[in-house]
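Everything on this sheet refers to the single structure shown next.
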Amino acid sequence: MGSAIDSLRENLGAISDLDRARGLMAWDERTQMPPGGAEPRADGLATLARIHHERLTADELGSQLDAAAAEIDGMPYESMEASLVRVTRREWEKARRVPADLRADITRTTSVAERAWVTAREESDFKAFLPHLQRVLKLSRQYVECFAPYDHVYDPLLDDFEPGMTTATLVPLLAELRDGLGPILERVAQAPQLDDSPLRGSFDVPAQRALALALVEGLPLNEGEWRLDDTVHPFASAIAPSDIRITTRYDEDYLGTSLYSVLHEAGHGMYENGMPAELRRTPLQGGASLGFHESQSRLWENWVGRGRPYLRWALPMLQEHFGASLDGVDAEALYRAANRVEPSLIRVEADELTYNLHIALRFELEVEIFEDRLDLADLPEAWNERMERYLGVKVPDDAHGVLQDVHWGAGAFGYFPTYSLGNVIAGQLWAAAVEALPDLEEGFERGELQPLNTWLRESLYRYGSCFEPLELIERVVGGPLDVGPLVAHLDAKFGELYGR
Ligand code: ZN
């Protein structure tokens with residue numbers, strides 16, 4: 001006779017397998033699939049999503065949870081068993097609150113809206129997109145009502161990406177970040193611009209691909225547990241912790257695109273690769289939230305990859321692949337090129353400093369929309385006004401403004417703030433890592449990146465998604481969320497680069 005916790009694990013293992021199959025099909029769709037596969041693949045993905053949802057919301061899982069809870073009664077909160085029951089019950093209850101009709105309506109409406117968004121962006125026509133956005137918003141509000149009562153109307157949206165996170169916590173936090181960045185950006189704007197010509201020129205794609213592969217080989221990912229492929233919009237996915245798929249894209253005129261998208265996506269990959277064996281095939285396997293996931297991609301991309309020590313180590317590799325174009329470039333020139341700050345219109349092209357202002361703007365607009373303080377019809381105007389106020393740039397048209405991101409058409413309200421949260425958390429983790437390992441950066445100059453990975457595995461990865469983000473940050477750094485370390489990092493770095 002198996003125990004109740006064993007039957008629960010068996011069921012959750014099967015549910016996790018369905019999710020992996022879905023992940024593999026989605027990865028294939030974006031890296032290998034010929035265009036003709038689009039329609040059958042959409043059918044296949046929809047079927048898998050439906051079966052996954054049925055199993056996750058089944059009464060059977062509820063009974064298994066009750067039996068397992070009774071069996072492990074008295075086990076500590078931190079234990080794998082208690083976490084498994086707690087986290088699974090939370091997911092099960094959330095999934096059951098949303099009627100199947102509403103879910104189907106959201107899926108249909110957002111897929112139509114996403115297609116309309118593509119055309120509207122091409123034609124820079126917000127008015128054509130507006131009715132779609134209105135329909136998506138209406139459904140998002142209905143979705144929110146499934147979770148009543150709530151403290152703030154935006155809370156249920158946040159909760160899907162950051163379990164337990166509240167608007168009351170996030171609004172002052174991201175306002176503090178925004179206000180902390182203003183003076184740094186002002187000084188940068190008044191200083192002479194940095195030269196990024198070492199990363200610009202003509203870079204052969206096959207050579208970039210070879211370099212990207214060499215860079216990932218230099219990272220502390222387990223051997224034989226990852227691969228790297230081309231895609232249009234880079235992403236990373238874990239088919240399993242021991243099967244990490246990293247993707248990137250190559251820009252012939254700018255080496256920074258592939259260089260930093262590879263480090264970013266590999267950062268996501270290392271998080272998944274570091275999941276402890278006991279969490280495998282359970283809902284506890286994987287990152288704690290989108291914010292924690294993004295903290296890993298940003299840590300490796302910005303704190304490691306855009307730092308002097310790593311670039312000193314990487315420069316000979318770059319020169320090996322692009323001898324002629326990098327002749328006479330020293331590590332200091334490369335460091336300056338990789339850290340040029342330039343307020344710009346497009347979020348995904350933004351630098352380390354201004355990126356968070358793009359997020360502040362989106363987050364504030366989202367909250368205002370849900371608080372009924374901003375009408376969707378007035379969104380372009382509000383967007384443009386804030387772009388000028390925060391970044392000092394004038395938006396020429398909606399394609400370069402409010403229409404640039406797919407998120408809202410896709411119904412992903414509550415998603416944007418997780419990007420900045422990732423930067424905030426990365427700042428805190430970095431400060432804690434450097435305190436624990438004072439020689440950390442010295443090792444980077446010799447390509448020794450394993451100590452950071454080991455520290456992350458022991459301090460963060462071991463918890464998987466056992467705890468909610470606000471509990472987890474306390475456990476890892478011994479304090480609450482705090483923008484201080486991020487602002488201090490940016491202030492020190494750009495103060496030195498651009499002068500004070
Ligand atoms: Zn990311």
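Order of listing sets the numbers, starting from 1, for every ligand and every atom in it. The structure displayed is predicted, hence computed values, not measured ones.
- Under a 4.0 Å N-O distance rule, the pair Lys94/Glu91 does not qualify as a salt bridge.
- Within a radius of less than 2.8 Å around the Zn ion (ligand 1), the protein N, O or S atoms are His264 NE2, His268 NE2, Glu294 OE1.
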For residues 472-488, which side-chain N or O atoms pair as donor and acceptor with protein atoms under 3.5 Å away, sequence neighbours left out?
| residue | atom | partner | partner atom | Å |
| --- | --- | --- | --- | --- |
| Asp482 | OD1 | Gly484 | N | 2.8 |

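- Ser258 meets the side chain to side chain donor-acceptor pair (under 3.5 Å) test with Gln208; sequence neighbours excluded.
- Between His489 and Trp430, the ring centre distance reaches or exceeds 6.0 Å.
- A ring-centre distance under 6.0 Å is found for Phe161 and Tyr415.
- Thr31 pairs by the side chain to side chain contact (heavy atoms under 4.5 Å, CB included) definition with Trp27, Asp229, Thr231, Phe235, Thr247, not counting sequence neighbours.
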